[in-house]
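One structure is given here, and the rest of the page talks about it.
Chain naming here is simple, since letters A, B, ... match the order of the sequence lines and numbering starts at 1 in each. As a basis for the values below, the full set of heavy atoms in this structure was taken, side chains included, without hydrogen atoms, waters or symmetry mates. Computed from a predicted structure; not experimentally measured.
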Number of protein chains: 2
Amino acid sequence: MTIPRAAKTLRRTRIQEEKEEQILEAALDVFSANGFRGSTIDQIAEVAGMSKPNLLYYFRTKEAMHRALIDRVLYTWLEPLRAFDAEGNPEEEIRSYIRRKLEMARDFPRESRLFANEVLQGAPHIEDELKGPLKELVDEKAEVIRAWAKSGKIVKCDPYHLIFSIWSTTQHYADFDVQVRAVLGQEHAGEGRFEDAARFLEQLFIGGLRPNGLES
Amino acid sequence: MTIPRAAKTLRRTRIQEEKEEQILEAALDVFSANGFRGSTIDQIAEVAGMSKPNLLYYFRTKEAMHRALIDRVLYTWLEPLRAFDAEGNPEEEIRSYIRRKLEMARDFPRESRLFANEVLQGAPHIEDELKGPLKELVDEKAEVIRAWAKSGKIVKCDPYHLIFSIWSTTQHYADFDVQVRAVLGQEHAGEGRFEDAARFLEQLFIGGLRPNGLES
DNA sequence: TGTAATGTTTACCAATCGGTCAAATTATCC
DNA sequence: GGATAATTTGACCGATTGGTAAACATTACA
């Protein structure tokens with residue numbers, strides 16, 4: 001008797017691994033560029049170089065593909081925040097967090113846009129991840145920042161909004177890439193904008209959070 | 001002979017004004033929540049409370065509706081940046097620009113998401129606006145900021161990335177609203193997050209841009 | 001090498017998509 | 001009030017959507 005879906009088998013064959021990899025790679029391309037509703041299985045099939053029913057042999061529905069993609073990407077995406085170290089030097093931790101997030105915006109813009117599309121449209125498929133794992137991780141790191149502020153290592157500030165501001169400024173270069181390029185024009189055509197951004201953001205955050213500023 | 005499309009008549013009737021208003025209001029709802037490709041004329045028709053052919057009587061295509069909506073909203077959306085005054089006090093100008101942008105994120109989140117969706121998906125419908133009017137406006141204001149930095153009124157920094165960082169941090173509260181809510185949790189359920197954000201961002205930018213900092 | 005499980009494809013389905021058409025209804029103005 | 005223009009709608013169209021059924025091809029393994 002034929003088992004109808006590969007996903008149901010316990011042991012995964014070599015072909016399964018390869019094809020699922022291929023499909024998710026194509027799905028990342030399409031979903032990140034068009035959002036969930038704006039993407040079609042046919043598009044993904046074409047990018048993946050296989051027939052539509054063949055995709056649906058590995059993932060029963062469009063939703064299942066999207067879900068698998070989110071699951072695969074989310075952990076990696078939160079890695080920089082997870083690396084945030086309570087024991088480290090605050091200034092250096094923030095600086096390297098910004099740098100890491102900017103590198104991810106440069107090297108993995110599709111992943112950034114995948115989440116941006118999802119959140120922008122109300123996060124219908126990742127609500128649980130936001131309220132669960134994400135919130136817990138942010139709560140934990142916010143506590144670290146709060147302790148730094150309390151002990152005077154950085155200026156007193158709302159740790160949540162600090163994290164939001166680092167997220168937004170760095171991911172901006174992935175999510176709003178076409179706008180950034182359009183405004184900067186072709187004179188800044190190269191990848192130098194990421195280095196410029198890194199310089200500016202480090203200056204902004206390090207300067208803005210320095211405890212011994214001129215005003216509280 | 002019946003003129004096939006209302007848009008072609010020169011004088012606009014009262015009904016035309018009202019209905020086009022109704023339609024664009026509904027279109028803003030739907031496009032901002034689902035993006036262009038993810039939105040359907042039927043959805044917009046339902047929100048607008050009229051039949052689909054009736055929508056298409058006022059706007060010949062889905063694209064035409066989207067275009068009209070963008071045209072109507074774009075000017076207003078850029079108003080805060082336009083108000084940026086070269087003659088004013090730098091610190092106060094930046095502070096009030098942040099405040100205005102945050103107010104817009106709070107009061108007009110749909111407009112923010114409309115553009116975010118569009119830019120995120122490669123700006124297929126507003127490329128010209130980005131490279132034209134937007135770039136020119138930003139170029140002009142960047143020159144103002146550069147002058148401030150040169151005369152020592154604020155720290156030396158890349159004016160374009162400064163503008164990007166204000167855009168991203170403020171619009172974040174509209175575009176990524178569900179994420180912000182999820183992370184802050186229900187204990188911060190009210191609208192207080194906008195005031196908290198304003199406090200944090202003013203502190204960050206004013207502190208980060210102050211010229212007489214401890215290091216260059 | 002045979003055979004059972006796995007993988008792939010062609011043909012197809014009902015639902016929905018953007019959009020049209022002609023007929024019906026309503027508003028405007030003399 | 002009647003003619004004429006403006007507005008509204010139900011029925012419909014071809015294309016595309018997500019997804020299925022079943023025949024066919026390939027692989028793994030005894």
Side-chain angles (χ1 to χ4, degrees), chain A residues 1-27 29-31 33-69 117 121 124-125, chain B residues 1-24 26-27 29-31 33-69 121 124-125:
Chain A
M1 179 177 66
T2 295
I3 294 173
R5 300 292 172 185
K8 283 190 175 177
T9 60
L10 292 180
R11 197 140 50 103
R12 317 198 10 185
T13 69
R14 175 184 51 85
I15 293 182
Q16 274 175 41
E17 308 247 15
E18 286 177 8
K19 288 300 170 80
E20 288 178 11
E21 172 73 32
Q22 246 182 73
I23 293 169
L24 290 181
E25 165 67 22
D29 244 52
V30 175
F31 281 134
N34 305 104
F36 182 78
R37 286 212 51 188
S39 302
T40 70
I41 302 183
D42 297 84
Q43 284 176 335
I44 299 172
E46 194 184 335
V47 174
M50 46 210 300
S51 69
K52 177 167 66 167
N54 204 2
L55 286 209
L56 291 163
Y57 173 72
Y58 292 100
F59 298 95
R60 292 140 99 113
T61 64
K62 196 171 114 174
E63 292 237 3
M65 285 177 39
H66 191 256
R67 167 115 307 252
L69 185 58
N117 262 304
Q121 305 195 359
H125 307 96
Chain B
M1 178 179 65
T2 295
I3 294 172
R5 301 291 173 183
K8 283 190 175 174
T9 60
L10 291 180
R11 198 144 45 108
R12 318 200 5 186
T13 69
R14 176 183 49 85
I15 292 183
Q16 273 174 41
E17 308 246 15
E18 287 176 8
K19 288 302 170 80
E20 289 179 9
E21 172 73 32
Q22 247 181 75
I23 293 170
L24 290 182
D29 245 52
V30 175
F31 281 135
N34 305 105
F36 182 79
R37 285 211 53 186
S39 302
T40 71
I41 303 182
D42 296 83
Q43 284 176 335
I44 299 172
E46 195 184 333
V47 174
M50 45 212 299
S51 68
K52 178 167 67 171
N54 203 1
L55 286 209
L56 292 164
Y57 173 72
Y58 291 100
F59 299 95
R60 293 140 100 113
T61 63
K62 194 172 116 173
E63 292 236 3
M65 286 178 37
H66 190 256
R67 164 107 309 227
L69 185 58
Q121 305 193 0
H125 307 96

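- When the P atom of C:dA22 is taken as reference, atom CG of B:Leu56 falls 16 Å away, rounded to whole Å.
- Looking at every heavy atom in both residues, A:Ala68 comes nearest to A:Phe59 through CB-CE2, 3.7 Å.
- The distance from atom CD of A:Glu18 to atom P of D:dT26 is 17 Å, rounded to the nearest whole Å.
- Atom CD1 of residue B:Ile23 and atom CD of residue B:Gln16 lie 10.5 Å apart, to the nearest 0.5 angstrom.
- Between the CD atom of B:Glu17 and the P atom of D:dA6 there is a distance of 15 Å, given to the nearest Å.
- Rounding to whole angstrom units, CZ of residue A:Phe59 and P of C:dG7 are separated by 13 Å.
- A:Asn54 approaches A:Met50 most closely through the heavy-atom pair ND2-CE, 3.7 Å.
- Shown here are the side chain to side chain donor-acceptor pair (under 3.5 Å) partners of B:Asp29, two or more places apart in sequence or in another chain: B:Arg110.
- Look at A:Gln16 and you won't find any side-chain N or O under 4.0 angstrom from OP1 or OP2 of C:dT6.
- In this structure, B:His66 atom NE2 and C:dG19 atom C1' are separated by 18 Å, rounded to whole Å.
- Remark: P of C:dG18 and CG of B:Asn34 are 11 Å apart, rounded to the nearest angstrom.
- Rounded to an integer number of Å, the gap from A:Glu20 CD to C:dT6 C1' is 13 Å.
- Between B:Phe31 and B:Lys62, some side-chain heavy-atom pair lies under the 4.5 Å cut-off.
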Interface polar pairs with nucleotides 8-14 of chain C, N/O, under 3.5 angstrom:
from, atom 1, to, atom 2, distance (Å)
C:dT8, OP1, A:Lys19, NZ, 2.4
C:dT8, OP2, A:Asn54, OD1, 3.3
C:dT8, OP2, A:Tyr58, OH, 2.7
C:dT8, O5', A:Asn54, ND2, 3.4
C:dT9, OP2, A:Ser51, OG, 3.1

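- For A:Glu21, the side-chain contact (heavy atoms from CB on, under 4.5 Å) partners are A:Arg72, not counting sequence neighbours.
- Near DNA chain D, meaning a heavy atom under 4.0 Å away, the residues from residues 39-49 of chain A are A:Ser39, A:Thr40, A:Ile41, A:Asp42.
- The closest side-chain heavy-atom distance from B:Phe36 to B:Gln121 is not below 4.5 Å.
- Applying the side chain to side chain donor-acceptor pair (under 3.5 Å) rule to B:Arg67 yields the partners B:Glu129; only residues at least two apart in sequence or on another chain are considered.
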Show every donor-acceptor pair shorter than 3.5 Å between a side-chain atom in residues 38-47 of chain B and any protein atom, with sequence neighbours excluded, or say none if there are none.
from, atom 1, to, atom 2, distance (Å)
B:Ser39, OG, B:Val30, O, 3.3
B:Ser39, OG, B:Gly35, O, 2.5
B:Thr40, OG1, B:Gln43, N, 3.1
B:Gln43, OE1, B:Thr40, N, 3.2

